[in-house]
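Chain A is the first sequence line, chain B the second, and so forth, proteins listed ahead of strands; every chain is numbered from 1. All values reported here derive from a predicted model rather than from experimental measurement.
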Amino acid sequence: MSVTEVVADDAALRVTRRQRVLAEMEAADIDLLVVGREANARYVSGAPRLWTAGSRAFGPGCVLVRATGAVHLLSTWDEGIPDDIPHENLYPISFNAMNFVTVLQGIEGAATARRVATDALTPGTAHLLPMAFPAAELVDGEPMLRRCRQVKTPDEVEAIGGAVQVTERALAVTEAALAPGTTERRLTGVFMEAMADVGVTTPGSQDVAWATSREQAWRGHGRDRAIEAGDLVAFDASVVVGGYAGELGRTYVAGGGEIDARLAGRFDDLWSRLLDALRPGAPLSDLLAAYETAGVAPPPMPIARGLGLGYDLPLVTHALPGTAADQDVEAGMVVALVGYVWEQGVGGLYGSEPVVVTATGAEALSAHPIRDTRSS
Amino acid sequence: MPAGLMTSARPTSIPAEPDLARMRRERGERVRTIMRAKGLDALVLLGNTNVMYATGATWAFADSGRGNFEQPVAVVLADDENPHLFTPVREDEGLQLPADHVHGPVYLDFDEGVQQFVAALAGLTGARPKIAIDEWTHAMRRERTTLFASDAPPDAGKVISQAKLTKTPDELACMREGLRITEQAIAEVQARVAPGVRQSDLTATFLRRIFEEGADANILDPIWQVMPERLADGPWTTHGDLACPPSTTERELREGDVLWVDLGISYAGFHSDFGRTWIVGRAPDARQQAQFEQWRAIMDAVLSVTRAGATAADLTAAAKEVAGDRTPWMTHFYLGHGLGIDSAEMPYVGSDIGEAFDATLQLQADMVLVLEPLVWDDGAAGYRAEEVLHITEDGWEPMTDYPYDPFSCHAWNPR
């Protein structure tokens, strides 16, 4: 079905998400929530806004009022804005920080709010927010947003699955274009074109292909070097649909052929251990341990990243062992689970699969096996 | 290269090839000079574009949601010519930092990650350093007494804003290449515009072509806005003015649609910008050509006063004098904006920062300014385009020479 106008997120999805946030605000005794991160604003408002790449400094992009449930949103127009956000709650793009202060001062309860949560700060906003909320203590809103966001509703799992399907389609086109002589940058272009051909114009990442090195575990040859026959080329593909990220990682041999059997065997062993570790109630550090018991060196990238509106928690990386040990796997989490095995003289085998945690274990959201083989 | 693209627009003041080592050295000197003037020992930078500017690192920007968790972080020390970079990026061929200045990633959204960063930072700075930051996570805020000498650290973003305000010749050369890549891609897109083509099809062609030409990343969902004939036919807005820019969909173009195009890419740490008005499947009619002539008249008036030393208010006054009653730019944007490390940066001309600000903001030589006036002709949509200028002591030079087709346009006369 083609999408020919900008529309708000589905009402049921919106209501469920916002209720979760309001319940967390109640529990944490937060009067007002001010978010700048686009994923948080989308979660709270259900409104799609223009996709931009890269990080964005904190600004008051969306405000949720606990007492009334009202959403105030940075949007100069009403296209795609849910009907439960009235016109008077929209405020325009501005380059004048004092105009934002005026907007915030006009929100119900601003003058008397005792606890205002934000998802980040800048030195400038740390100075300005007290002008809008003179009675308030500024507190951390991220923990409660993470609690809301990291366990998905069935509708959210379906939305992520939709994004995964688009990613699969675009990846299939890209993989078919993998031939000796092409470059990582060109393959990224092929992926982007294939994604937009499906009707989606918002990627999750823009570094799609990586010809792994035989000499170093965390290097390649540059985005413009001609890929050679026999190179192990890792694809890390991600597409954002309706705000939700789908992500898929696979490795193919340039020019066709089988992946080195020993490397593949090590990967398969690691992968089954990772899937076993992802069961409700187990600490997330079991994923780190799976690498250890498989005898695979800790990879340089995170090995599990929550998928949702962009990246959610959990984020599991060998760089944060304490964080992983402190949190358990929960049913309803959706993560991009990452396997990476590298061998000197051979190269890297990378795989990333979006999986949803169910009561009985991990279920893949894509239709393609993690170690996809191609016949060309 | 199609005729007319970048064949005539390289002023002699812009080198054909940038010297990247010199560019980074000069930047570093600027940043550290400002730091010393402000009494700062170190900058901690999280914002993607600030990190790119300070370190010369480049990478392909991800979706903003992913960007929060895969965030390169820079530490600039006042007494070290090389910044430190903590990065999750796999490789960066152009990075010219010593190996002992490139570190693994830090995860500043997590208490454990901040504690690791605090320890690393302590190894780089002396005791009780005066540190400025551009953004805080709450995990950093919890450690603020160990991270920063004061409870309210200064804004490192202002240091970068000041440093990047004017561009060096090498930076201008990089920007020109980014604009060239953009316009090469746009030439192919424009050839594809026809009734029945979807907006998303134009994006498909654009994205493929920018990567083929060497772009590092696309920076926003490219805009191919079908304009309503009348303001009242468009979406409701907070100010009663135009709604622009909306997200792209699979809407099919129809003959006669007036398309406002706006987009940009990232190349070598710089953003490009491009804006034009196209008409689908038809030549402009007399009314549309008259809109364009009016737009040209506004541009000519603004350009006639554009030079180093002119104020933003001089430019807005020139535009308004020709435009008559209607302010000839979007209420929620500006007549013009700086371009470089960010898609929109200082100088802002005609923004809601206000007229008093415009009266005091003086253009300087080697600023890059994008002018984007518009003409709205209610009942027949309107014309909007953007022109990227290099400000000089005596006037300005165009950074590009992309044609205004399908409108007939006489050549610019730079001063």
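We find that B/R141 and A/D140 are not joined by a salt bridge, their nearest charged nitrogen and carboxylate oxygen being 4.0 Å or further apart. Note on A/D224 versus A/R186: no salt bridge recorded, every NZ/NE/NH1/NH2 to OD/OE distance being 4.0 Å or above. Taking the charged nitrogens against the carboxylate oxygens, A/R223 and B/E93 have no contact shorter than 4.0 Å, which rules out a salt bridge. Taking the charged nitrogens against the carboxylate oxygens, A/D236 and B/R90 have no contact shorter than 4.0 Å, which rules out a salt bridge. In summary, A/R305 and A/D312 do not engage in a salt bridge, as defined by a charged side-chain N under 4.0 Å from a carboxylate O.
With a threshold of 4.5 angstrom between heavy atoms, B/V89 approaches chain A through N, CA, C or O but not through any side-chain atom. Neither the backbone nor the side chain of A/M301 comes within less than 4.5 Å of any heavy atom of chain B. For B/Y334, the part lying under 4.5 angstrom from a heavy atom of chain A is the side chain only. At a 4.5 Å heavy-atom cutoff, the contact between B/P154 and chain A is made by backbone atoms alone. When heavy atoms are compared at a cutoff of 4.5 Å, B/A215 approaches chain A solely by way of its backbone atoms N, CA, C and O. Both the backbone and the side chain of B/T248 come within contact range of chain A, judged by heavy atoms closer than 4.5 Å. Proximity to chain B (any heavy atom under 4.5 Å) is shown, for A/R225, by neither the backbone nor the side chain. With a 4.5 angstrom heavy-atom cutoff, B/E252 does not touch chain A via any of its atoms. In this structure, chain A has a heavy atom under 4.5 Å from the side chain of B/Q71, while its backbone stays farther away. Using a 4.5 Å cut-off between heavy atoms, B/P153 touches chain A through its backbone atoms (N, CA, C, O) alone.
Heavy-atom pairs under 4.5 Å with chain B were tallied for A/L121, A/T122, A/L315, A/T188; the largest tally goes to A/L121. Heavy-atom pairs under 4.5 Å with chain B were tallied for A/P302, A/P143, A/A196, A/G141; the largest tally goes to A/A196. Considering only heavy-atom pairs separated by less than 4.5 Å from chain B, the leading option among A/G310, A/G54, A/A39 is A/G54. Note: A/R219 leads A/M192, A/H221, A/R219 in heavy-atom pairs under 4.5 Å with chain B. Interface summary for chain B: among A/R42, A/E79, A/E38, the most heavy-atom pairs under 4.5 angstrom belong to A/E79. Here A/T317 is the residue among A/D326, A/T317, A/T202 with the most heavy-atom pairs under 4.5 Å with chain B.
Taking the six-membered ring where the residue is Trp, A/Y91 and A/F100 present perpendicular rings, their angle passing 60° and hence far from 30°.
In this structure, A/Y350 has its ring center at least 6.0 angstrom away from the ring center of A/W218. Ring-centre distance between B/H332 and A/W77: below the 6.0 Å cut-off.
No side-chain heavy atom of B/S200 sits under 4.5 Å from any side-chain heavy atom of B/R251. No side-chain heavy atom of A/W51 sits under 4.5 Å from any side-chain heavy atom of B/S64.
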